[in-house]
Participant: 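Following this message is one structure expressed as structure tokens.
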Amino acid sequence: MSAPRLSSTPLPGIGVRYDLTTRDSRRLSVVAHRDGHRTVSAYRRDDPDACDLSVRLTTEEAATLIDALMPAHHTPNLLSTTDLGLVAERIELPGSSHWNGRLLGESRIRTDTGASVVAVLRRAEAIPSPTPAFRLAGGDTLIVIGTREGVEAAAAILGRE
């Protein structure tokens, strides 16, 4: 048996797809839609391209399923953004982005959307609390937190070409 494997694939304009291959070679996927919904799909063992089941979950249903999958002793002091009306999202900056080489402050994300860039992931490094003088680079993944509308507006700004 091989170890479980998880991979993620950005789906521009939709969200992110996470694929899990279990120890017994079963394939599951979750599409995390930008609107907060999740689509959970299970694929056939004999044909990993054939979907056996696909279920679309609301944000609340997905949170309930996550709670059911988590051990009872999970850390209660972690920020649960959905309970507060906030969302956190990873937004990847393409290499061809308009913002490649520009300062974070030039994007006016916080001013125009109310959402905050709380960290930037660059290669194997995490840069917490980037300042407005932080220079963006293609391939950066920005961790953005705010209301659903604010995060979507930030994603639209960052998607500008």
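FYI, the numbering just counts along the sequence from 1. Remember, predicted model here, so these are calculated numbers, not experimental data.
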Participant: Considering all heavy atoms of both residues, which atom of A126 and which atom of L121 are nearest to each other, and what is their separation?
Facilitator: CB-CD2, 3.8 Å

Participant: Check whether R135 reaches the backbone of G101 with its side chain - one donor and one acceptor, N or O, closer than 3.5 Å.
Facilitator: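 The answer is yes, because a donor-acceptor pair under 3.5 Å joins these two groups.
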
Participant: Working to the nearest 0.5 Å, report the span between CG of L104 and CD1 of I109.
Facilitator: 6.0 Å

Participant: Rounded to the nearest 0.5 Å, what separation is found between the NE2 atom of H37 and the CD atom of E61?
Facilitator: 7.5 Å

Participant: Measuring from L57:CG to T39:OG1, what's the distance to the nearest 0.5 Å?
Facilitator: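 Rounded to the nearest 0.5 Å, the CG-OG1 separation comes to 7.5 Å.
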
Participant: To the nearest 0.5 Å, what is the distance between CZ on R27 and CG on D52?
Facilitator: 11.5 Å

Participant: Is there a donor-acceptor contact under 3.5 Å from the side chain of S116 to the main chain of V118?
Facilitator: no

Participant: Determine whether P132 and L103 make a side-chain contact, defined as any pair of heavy atoms from C-beta on separated by less than 4.5 Å.
Facilitator: no

Participant: Do the side chains of L20 and Y18 join up, straight or via other hydrophobic residues, at under 4.5 Å, putting them in one cluster?
Facilitator: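 Yes, one cluster joins them.
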
Participant: Does L53 belong to the same Ile/Leu/Val/Met/Phe/Trp/Tyr cluster as V40, with side-chain heavy atoms less than 4.5 Å apart forming each link?
Facilitator: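 As far as the 4.5 Å side-chain criterion goes, V40 and L53 are connected within one cluster.
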
Participant: Report the residues that fulfil salt bridge (Lys or Arg N to Asp or Glu O under 4.0 Å) with E106, sequence neighbours left out, ordered by chain and then residue number.
Facilitator: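 Checked E106 against salt bridge (Lys or Arg N to Asp or Glu O under 4.0 Å); matches are R102.
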
Participant: Tell me the closest heavy-atom pair linking A155 and R34, and the distance in Å.
Facilitator: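 Closest approach of A155 to R34: CB-NH2, 3.2 Å.
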
Participant: What do the steps show when you test R17 against V30 for side chain to side chain contact (heavy atoms under 4.5 Å, CB included), and what is the final call?
Facilitator: CA-CA 6 Å; R17 185 183 74 222; V30 175; over 6 Å; no

Participant: Membership question, hydrophobic clusters at under 4.5 Å side-chain separation (ILVMFWY): are I143 and I145 in the same one?
Facilitator: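 Yes.
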
Participant: Is it the case that the side chain of T59 and the backbone of G36 share a donor-acceptor pair, with hydrogens and angles ignored and the cut-off at 3.5 Å?
Facilitator: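 The answer is yes, because a donor-acceptor pair under 3.5 Å joins these two groups.
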
Participant: List the residues meeting salt bridge (Lys or Arg N to Asp or Glu O under 4.0 Å) with R45, not counting sequence neighbours, and say none if there are none.
Facilitator: D24

Participant: For a quick test of your reading: what N or O donor-acceptor pairs under 3.5 Å do the side chains of residues 85-93 make, sequence neighbours left out?
Facilitator:
from: E89; atom 1: OE1; to: R148; atom 2: NH1; distance (Å): 3.2

Participant: Does one hydrophobic cluster hold both V55 and V31, with members joined at side-chain heavy-atom distances below 4.5 Å?
Facilitator: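 Result: no, two separate clusters.
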
Participant: Identify the two heavy atoms, one from S41 and one from C51, that lie closest to each other, and give their separation to 0.1 Å.
Facilitator: CB-SG, 3.9 Å

Participant: Taking all non-hydrogen atoms of both residues, which atom of N100 and which atom of A137 are closest, and how far apart?
Facilitator: OD1-CA, 3.4 Å

Participant: Indicate yes or no for a side-chain donor-acceptor contact from D19 to the backbone of S7 under 3.5 Å, with no hydrogens or angles considered.
Facilitator: no

Participant: So does R110 have more than 12 non-hydrogen atoms from other groups sitting under 6.0 Å from CZ?
Facilitator: no

Participant: How many angstroms lie between CG in L142 and CZ in R122, if you round to the nearest 0.5 Å?
Facilitator: 9.0 Å

Participant: Under the criterion side chain to side chain contact (heavy atoms under 4.5 Å, CB included), I'd like the reasoning laid out for S97 against L158: C-alpha separation, chi angles, the key distance, then a yes or no.
Facilitator: CA-CA 8 Å; S97 172; L158 292 169; over 6 Å; no

Participant: Looking at every heavy atom in both I157 and S107, which two are closest together, and how far apart are they?
Facilitator: CG2-O, 3.8 Å

Participant: Quiz question: by atom type and distance under 3.5 Å, do the side chains of H33 and D35 form a donor-acceptor pair?
Facilitator: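 No.
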
Participant: Please answer whether the main-chain N or O of V120 pairs with a side-chain N or O of D140 as donor and acceptor at a distance below 3.5 Å.
Facilitator: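 No; judged by distance alone, with no hydrogens or angles, the pair does not exist.
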
